[in-house]
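What follows is one structure encoded as structure tokens, with my remarks underneath.
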Amino acid sequence: MAKNASDKLPSIQTQKSEMQVCHDDSAPPMKAQTIDQLHSLQKKKPSAPSTPSRGAQGDFTSPPTVEDERQRQQLQSISASLASLTRETGPKVVKGDLTHVHHYTPSPSDSALKFTHVLYNLSPAELYEHAIKYEKGSFITSTGALATLSGAKTGRSPRDKRVVKDKTTEDELWWGKGSPNIEMDEHTFMVFVNDQFLNWDPQHRIKVRIVSARAYHSLFMHNMCIRPTPAELEDFGTPDFTIYNAGQFPCNRYTHYMTSSTSIDLNLARKEMVILGTQYAGEMKKGLFTVVHYLMPKRGILSLHSGCNMGKDGDVALFFGLSGTGKTTLSTDHNRYLIGDDEHCWSENGVSNIEGGCYAKCIDLSKEKEPDIWNAIKFGAVLENVVFDEHTREVDYLDKSVTENTRAAYPIEYIPNAKIPCVGTHPKTVILLACDAFGVLPPVSKLSLAQTMYHFISGYTALVAGTEDGVKEPQATFSACFGAAFIMLHPTKYAAMLAEKMLKHGATGWLVNTGWSGGRYGSGNRIKLAYTRKIIDAIHSGSLLEANYKKTEVFGLEIPTEMEGIPSEILDPMNTWSNSEAYKETLLKLAGLFRKNFEGFMDCKIRTDDKLREEILAAGPIF
Ligand SMILES: Nc1ncnc2c1ncn2[C@@H]1O[C@H](COP(=O)(O)OP(=O)(O)O)[C@@H](O)[C@H]1O
Ligand SMILES: C=C(OP(=O)(O)O)C(=O)O
Ligand SMILES: [Ca+2]
Ligand SMILES: [Mn+2]
């Protein structure tokens, strides 16, 4: 049998080479090594003596209540409705027709109504063909037998057979010592189903179904997607895309294509995604964002990893940036209407938020600096990986024991000045955020269109790895379109659309450094949020457009010489470093990193307009 090139097993990729392909801007991993460690991290002992806690072990579990019973019944009904839907169509039985199965025509995704292909009573010859084609380690021996491998398990696993124990099986089955029936509760067997929408633009709305095994994941997506009204839910019909989140279950890295115990698997033809081996809820949100990055450009709509807000006069601003650069913090502005904090579409109709919720970082969160986010963390919000007092349940937002990447997910209407529906007119302001831990980018620069494109394609930020000892050197990250992990087409496709839209609607680009000033991480300080807010206010009001500008060395950025409410000396980073040699050296180092990164884009085609293309190539640092 001729071996097809696409049938060949890919070599297992190492983590290192993967990193070079796709820059992941996600936060540092969790600090606990085991589940027990993790749980012990979450609850910390009260610092001062307080009211004695219930029970000697501080155990909060109580006997089943009416509420438990209601929840049990509700879960049962979800499961029952899923089961009955499945029965409506039943599995599709295919008798021996392998061709049919393997030339599967994609049908609209619906976990309940979709046919399950059953290969029914195949003949030995058919089974041989199937095994040899799809199951690695299958061979025909000299006497004609089928030699196979059974994988890691070469014997039965009697200790792994679990049976749901309910009112009926409790009495009927043999349980306990010596019994082969290991008990499992109904919750463990159940799945949660959310039917929701993406995109506030009704013309381009996407129906999504999320099937998950954890209530946390279901609530997270309830908050993050657009919640249908009861009437909309009634007419929901078949979803356009379905996520199956089985994050508690690690995948076996020795299975075909798996390179670690985690896998986020996307099948665009089947309109399905499966999540294995990670329970980080952000995978679902950003997984759907990835799908949007595929579907929308096909319709001529630009998908954006950006925050978005609107002034009282209807002026719309976008905030691009990698994780932790300030999209959520700065788009949540008490003086403006919030359209969304993270994912948007820009179409002929203007901008629309893809989501129905926000996902804010909450490390070091303070009521004074970020009151709207602080107040949104109330009943209904999901608070991930934070540490709280075991007794009072007060959250310590300074505590990084579990992770630096503590998060809150809340419905967008928890922000008082959210603009609902979350849509706006064509943006007039495009702000590129970079958290520059090298401390050499100016707090604000006005960009030409070519510079905006150069920095959009570069997608720079530099953060510090965490609070671990010995991390002195900031880590530069270049992530095309400020979201290389989520884009599906070549970065220049999105860049060309952005350039065209900015030109057409006369939008101005800005580069705002929300990172270090007065020296790199370790010697300088992060620019005060209050200053960044003043800068953003001046951009919105139009007053910064009127300022006097000068051009910086190397990066050739236009920076204001003065502006109200900000000490003039901080506007040019050169003035803030005590050691000007060290400044120059660091500046050149960063410029070198930009140049090296952009080498991959030197043959990029931005529109068919060669002039803009030349300008973009020339918009990088000159040294
Ligand atoms: N000058 C600043 N500008 C913006 N954010 C700042 C600044 N200084 C500190 N921060 C903090 O940085 C973090 C920015 O995170 P966030 O807005 O969630 O980023 P993103 O949404 O882009 O991932 C917040 O925790 C915010 O409090
Ligand atoms: C949710 C995320 O996005 P951001 O940090 O940009 O808010 C993420 O990258 O996990
Ligand atoms: Ca991100
Ligand atoms: Mn964010």
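Each ligand, and each atom within it, is numbered from 1 in the order the structure gives.
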Find out whether the Lys NZ or Arg CZ of Lys378 is both under 6.0 angstrom from the six-membered ring centre of Tyr414 and within 45° of the ring's axis.
yes

If you look at every heavy atom in Val440 and Pro573, which pair is closest and at what distance?
O-CG, 3.2 Å

State whether Asp333 and Arg533 are salt-bridged, where the test is any N-O pair (Lys NZ or Arg NE/NH1/NH2 against Asp/Glu carboxylate O) under 4.0 Å.
no

With a cut-off of 2.8 Å, does Thr328 place any N/O/S atom under that distance from the Mn ion (ligand 4)?
yes

Report the relative orientation of the aromatic rings in Phe478 and Tyr460; use parallel for angles under 30°, tilted for 30 to 60°, perpendicular for over 60°.
tilted

Looking only at N/O atoms, are Glu370 and ligand 1 under 3.5 Å apart anywhere?
yes

Thr514: numbered ligand 1 atoms lying under 4.0 Å from its heavy atoms
1 (N), 2 (C), 3 (N), 4 (C)

What atoms in ligand 1 come closer than 4.0 Å to a heavy atom of Ile527?
1 (N), 2 (C), 8 (N)

Among side-chain atoms of Asn405 and Tyr280, is any donor-acceptor pair under 3.5 angstrom?
yes

I want to know if ligand 1 touches Arg526 in the polar sense, i.e. an N/O pair below 3.5 angstrom.
yes

Please could you name the atoms of ligand 1 that Lys361 approaches to less than 4.0 Å, counting only its heavy atoms?
15 (O), 18 (O)

Is Lys534 salt-bridged to Glu564, cutoff N-O under 4.0 Å?
no

Under 4.0 Å from a heavy atom of Leu322: which atoms of ligand 1 are those, numbered in the order shown and with their elements?
22 (O)

Check each atom of ligand 1 against the heavy atoms of Lys528 and keep those under 4.0 Å away; list them by number with element.
1 (N)

Consider every N or O of Gly324 and every N or O of ligand 1, then say whether any pair is closer than 3.5 Å.
yes

When you compare ligand 1 with Asp341, is there at least one nitrogen or oxygen pair between them that comes in under 3.5 angstrom?
no

Measuring from non-hydrogen atoms of Ala360 to any atom of ligand 1, is the shortest distance under 4.0 Å?
no

I want to confirm something. Looking only at heavy atoms, which of Asn513, Thr329, Asn525 is nearest to atom 16 (P) of ligand 1?
Thr329

Assess the pair Phe555 and Phe594: is the distance between their ring centroids shorter than 6.0 Å?
yes

Ligand 1 to Thr532, heavy atom cutoff 4.0 Å, flagged ligand atoms 1 (N), 2 (C), 3 (N)

If the plane angle is over 60° it's perpendicular, under 30° parallel, otherwise tilted; pick one for Phe601 and His490.
perpendicular

Heavy-atom pair of closest approach, residues Arg407 and Ser323:
NH2-OG, 3.5 Å

